[in-house]
Amino acid sequence: MAPDQYGSLAADYHWFFDDVDLFLGCDTPGVRAAMSTLNPGAHVLDAACGIGIDAAALLRRGFDVLASDASEGMAAAARTRLRESDVDPAKIVTSDWVDLPKHFEEAVFDAIFCIGNSIAHTPDATSMIDALEAFRSLLVPGGMLVVDSHDWNAIYAAGSQVMIEPGIVERDGIRCVRTYSWHIPDGFGAPCVLEIAPIFLDGDRAELRSYPVTMWPFTRSDLKRRMVVAGFESVALDVIPGDDRYTAVARRPM
């Protein structure tokens with residue numbers, strides 16, 4: 001298993017979601033549209049569950065949800081979130097994507113969601129295709145894979161920058177300013193580093209915590225081609241002009 005980039009971030013990651021997001025989970029148009037095609041009670045895998053926000057939201061939508069994350073810290077936080085929602089925390093496993101077939105039976109899920117820009121943690125085409133093939137093996141014939149991603153061409157065009165989320169999140173008397181720093185190399189294809197950096201405010205004092213994570217860029221056509229190589233069909237990209245995120249939806253052949 002790869003080093004856990006997110007283990008220490010797990011305790012602070014909730015600050016990067018306001019209270020509405022914590023309840024609704026990922027609500028991008030492409031992901032929301034994909035969810036709307038599923039029948040009530042559909043068997044769903046959240047394959048990059050993080051601290052469990054989307055898994056909990058999928059459960060509230062009436063789906064039968066299992067979840068996984070490669071980070072034990074994130075998976076532990078997700079189990080706590082589900083436990084607090086009176087959901088069996090055993091529904092969450094810690095696993096790399098290629099090892100998911102060791103945890104779940106073949107061809108059991110109606111849909112797999114790999115969202116939150118998570119697929120960018122595969123370091124090359126081979127690793128991504130291996131992960132996509134593992135997802136395909138777990139889907140029923142005709143089952144749906146949903147992946148959302150940054151548009152890496154847009155990220156590179158913007159270059160290295162510091163971003164500050166509007167507003168201050170306050171919980172239990174603690175206030176947090178949410179910042180990100182993109183560290184973008186000159187050549188497309190080299191790994192990018194996103195520094196997730198919450199600033200905690202206490203009176204006139206401020207504490208900055210830094211959590212750098214590495215991602216590997218790819219183009220939209222790269223993702224579509226890799227999905228096809230991994231055995232998917234009906235690959236569709238939901239691209240919104242001016243948005244640096246998009247959603248890819250594909251099907252396991254019947």
Side-chain angles (χ1 to χ4, degrees), residues 6 13-14 16-70 74 78 81-82 85 87 91-92 97 100 109-122 128 131-132 134-136 138-140 142-155 165 180 194 215 217-220 222-224 226-227 230 232-252:
Y6 285 91
Y13 200 42
H14 69 97
F16 286 83
F17 303 86
D18 61 29
D19 290 343
V20 173
D21 292 334
L22 285 177
F23 185 80
L24 293 178
C26 181
D27 206 28
T28 61
V31 173
R32 185 170 60 244
M35 287 181 185
S36 71
T37 67
L38 293 172
N39 294 321
H43 196 34
V44 173
L45 173 64
D46 179 356
C49 71
I51 60 175
I53 294 170
D54 292 312
L58 288 163
L59 285 161
R60 293 189 193 99
R61 290 173 180 263
F63 302 127
D64 178 18
V65 182
L66 297 176
S68 71
D69 201 279
M74 286 289 189
R81 182 172 299 277
L82 265 64
S85 301
V87 177
K91 288 178 174 285
I92 299 175
W97 290 318
L100 286 174
F109 292 106
D110 299 301
I112 294 176
F113 289 86
C114 183
I115 54 181
N117 196 47
S118 301
I119 201 68
H121 294 305
T122 52
M128 186 185 293
L132 294 170
F135 294 156
R136 178 179 52 78
L138 299 176
L139 287 166
V140 299
M144 177 176 64
L145 172 64
V146 182
V147 175
D148 80 341
S149 173
H150 285 302
D151 181 337
W152 288 100
N153 285 321
I155 296 295
E165 292 279 357
Y180 303 88
L194 175 62
M215 304 181 198
F218 50 86
T219 66
R220 295 195 295 265
D222 286 338
L223 178 57
K224 188 170 185 177
R226 293 169 189 178
M227 285 181 152
F232 285 94
E233 63 182 16
S234 303
V235 180
L237 305 184
D238 175 39
V239 180
I240 301 174
D243 195 344
D244 72 350
R245 294 284 287 271
Y246 66 95
T247 304
V249 178
R251 298 278 178 177
R252 176 174 178 168

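- Residues Phe232 and Leu145 meet the side-chain proximity criterion, which asks for heavy atoms closer than 4.5 Å.
- For the atom pair CD1 (Ile119) and CE (Met215), the distance works out to 12.5 Å, reported to the nearest 0.5 Å.
- A donor atom on one side chain and an acceptor atom on the other are not found under 3.5 Å apart for Asp110 and His43.
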Next item on the list: Check step by step if side chain to side chain contact (heavy atoms under 4.5 Å, CB included) holds for Leu237 and Thr247.
Entry: CA-CA 6 Å; Leu237 305 184; Thr247 304; over 6 Å; no
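- Rounding to the nearest 0.5 Å gives a distance of 5.0 Å between OG of Ser68 and CG of Leu45.
- Residues Met144 and Ala34 come closest through the heavy atom pair CE-O, 3.4 Å.
- Note: Leu139 CG to Phe109 CZ = 8.5 Å, rounded to the nearest 0.5 Å.
- Note that the CZ atom of Arg226 and the CZ atom of Phe218 stand 7.5 Å from one another [nearest 0.5 Å].
- No donor-acceptor pair closer than 3.5 Å links the side chain of Trp97 to the backbone N or O of Leu132.
- We find that Asp151 and Arg245 are not joined by a salt bridge, their nearest charged nitrogen and carboxylate oxygen being 4.0 Å or further apart.
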Item checked: Derivation and outcome, side chain to side chain contact (heavy atoms under 4.5 Å, CB included), residues Ile92 and Cys49 -> CA-CA 8 Å; Ile92 299 175; Cys49 71; 4.1 Å; yes
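- Side-chain atoms of Arg81 never come within 3.5 Å of backbone atoms of Ala56 as a donor-acceptor pair (strictly under, hydrogens ignored).
- A side-chain donor-acceptor contact under 3.5 Å links Asn117 to the backbone of His150.
- Listed for the Asp69 side chain is a donor-acceptor partner under 3.5 Å among the backbone atoms of Gly50.
- The two residues Leu82 and Gly52 make their nearest non-hydrogen contact at CD1-O, 4.2 Å.
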Next item on the list: Go through Phe16 and Tyr180 one step at a time and tell me if the ring-ring contact (aromatic ring centres under 6.0 Å, His included) criterion holds.
Entry: CA-CA 10 Å; Phe16 286 83; Tyr180 303 88; 5.2 Å; yes
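- The two atoms that bring Phe135 and Leu100 nearest to each other are CE2-CD1, 3.7 Å, heavy atoms only.
- The pair Asp64-Lys91 counts as a salt bridge, with a side-chain nitrogen and a carboxylate oxygen less than 4.0 angstrom apart.
- The two residues Pro29 and Asp238 come nearest to each other via the heavy atoms C-OD2, 4.2 Å.
- Side-chain atoms of Asp148 come within 3.5 Å of backbone atoms of Gly116 as a donor-acceptor pair (strictly under, hydrogens ignored).
- Listed here is the closest heavy atom pair of Ala250 and Met227: CB-SD, 4.0 Å.
- Annotation: Tyr6 is in aromatic contact with His121 [ring centroid separation under 6.0 Å].
- Not a single donor-acceptor pair under 3.5 Å links the side chain of Asn39 to the backbone N or O of Ala42.
- Note: Met35 CE to Leu58 CG = 4.5 Å, rounded to the nearest 0.5 Å.
- Side-chain contact between Ile155 and Asp244: present, with at least one pair of heavy atoms (C-beta onward) separated by less than 4.5 Å.
- Closest of all the heavy-atom pairs between Leu223 and Ala248 is CD2-CB, 3.8 Å.
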Checklist line | Residues Phe113, Val44; criterion side chain to side chain contact (heavy atoms under 4.5 Å, CB included); working and verdict | finding: CA-CA 8 Å; Phe113 289 86; Val44 173; 3.5 Å; yes
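- With rounding to the nearest 0.5 Å, the separation of SG in Cys26 from CD1 in Ile115 is 4.0 Å.
- Within the cation-pi definition used here (under 6.0 Å to the ring centroid, within 45° of the axis), Arg60 qualifies as a partner of Phe23.
- A donor-acceptor distance shorter than 3.5 angstrom exists from the side chain of Arg252 to the backbone of Arg136, with no hydrogens or angles considered.
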